[in-house]
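Notes follow once the structure below has been shown.
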Amino acid sequence: PYNSFKTSSFLIKKSLFHEIRFDETLTTYGHEDTLFGAELRKRKAKIDHIDNPVVHIALDTNEAFLEKSKQALRNGLYLVNAGKLAPEEIRALETYFRLKGSAGGRAILEFLIPNEHYLREKLMQPSPRLRSFDFLKLAWLRDIEKETE
């Protein structure tokens with residue numbers, strides 16, 4: 001229940017919320033809820049998911065969504081490098097580090113980087129494939145990691 005925790009709709013005891021708080025080092029979009037869920041896991045807090053759908057009315061353009069997604073990866077990598085999250089808590093980071101750890105995986109990453117523009121174009125089509133988005137995130141992670149070195 002912790003891996004799918006989202007802060008868009010939740011109920012929590014005030015005392016527990018004050019113990020955890022949101023990490024104020026995150027000043028940009030992405031993974032605040034992942035970190036909050038990880039803190040709940042550490043405290044073994046009971047989570048019950050309820051059927052309370054949130055409707056997304058597509059206020060962002062595709063470009064804005066992609067930029068937010070890239071920023072979320074930056075935050076995720078920051079949280080992993082700071083020891084606040086394990087790579088396994090963010091699927092794209094788990095996959096990225098697994099690929100980076102093998103020669104074949106590094107070859108895949110090297111192939112994806114020059115194809116970033118192609119992957120973006122594929123995502124702008126009327127019926128994009130999520131696999132293209134997964135590949136694009138892996139290419140971004142390689143770029144983001146190089147930025148932080």
Check this for me: [X], atom [atom1], are more than 12 non-hydrogen atoms of other residues, nucleotides or ligands nearer than 6.0 Å?
X	atom1	answer
R106	CZ	yes
E24	CD	no
H18	NE2	yes
F17	CZ	yes

If Ile, Leu, Val, Met, Phe, Trp and Tyr residues are connected whenever their side-chain heavy atoms lie under 4.5 Å apart, and connections chain through other members, are [X] and [Y] in the same group?
X	Y	value
L35	I12	no
L16	F22	yes
L77	I113	no

Pairwise distance [atom1]([X]) to [atom2]([Y]) - rounded to 0.5 angstrom:
X	Y	atom1	atom2	value
F36	L26	CZ	CG	13.0 Å
I47	L40	CD1	CG	4.5 Å
D23	R21	CG	CZ	12.5 Å
L141	R74	CG	CZ	10.5 Å
L138	L93	CG	CG	9.5 Å
T95	F135	OG1	CZ	10.5 Å

Check each of H31, K84, R41 against E89 using the side chain to side chain donor-acceptor pair (under 3.5 Å) test, and report the only one that passes. R41

Minimal non-hydrogen separation, [X] against [Y], with atom names:
X	Y	result
L136	E116	CD1-CG, 3.4 Å
Y29	K68	CD2-O, 3.2 Å
R142	L109	NH1-CB, 4.2 Å
L66	F133	CD2-CE1, 3.7 Å
P128	K122	CB-O, 3.7 Å

Cationic N near anionic O, under 4.0 Å, R43 to E39: yes

So does R120 pair up with E67, basic N to acidic O under 4.0 Å? yes

Evaluate the criterion salt bridge (Lys or Arg N to Asp or Glu O under 4.0 Å) for residue pair D134 and R131; output intermediate values, then yes/no. CA-CA 5 Å; D134 292 338; R131 183 66 65 207; 3.5 Å; yes

By the definition side-chain contact (heavy atoms from CB on, under 4.5 Å), identify the one residue from T34, L85, T28 that meets it with N75. T28

Do V80 and F97 touch side chain to side chain, with heavy atoms closer than 4.5 Å? yes

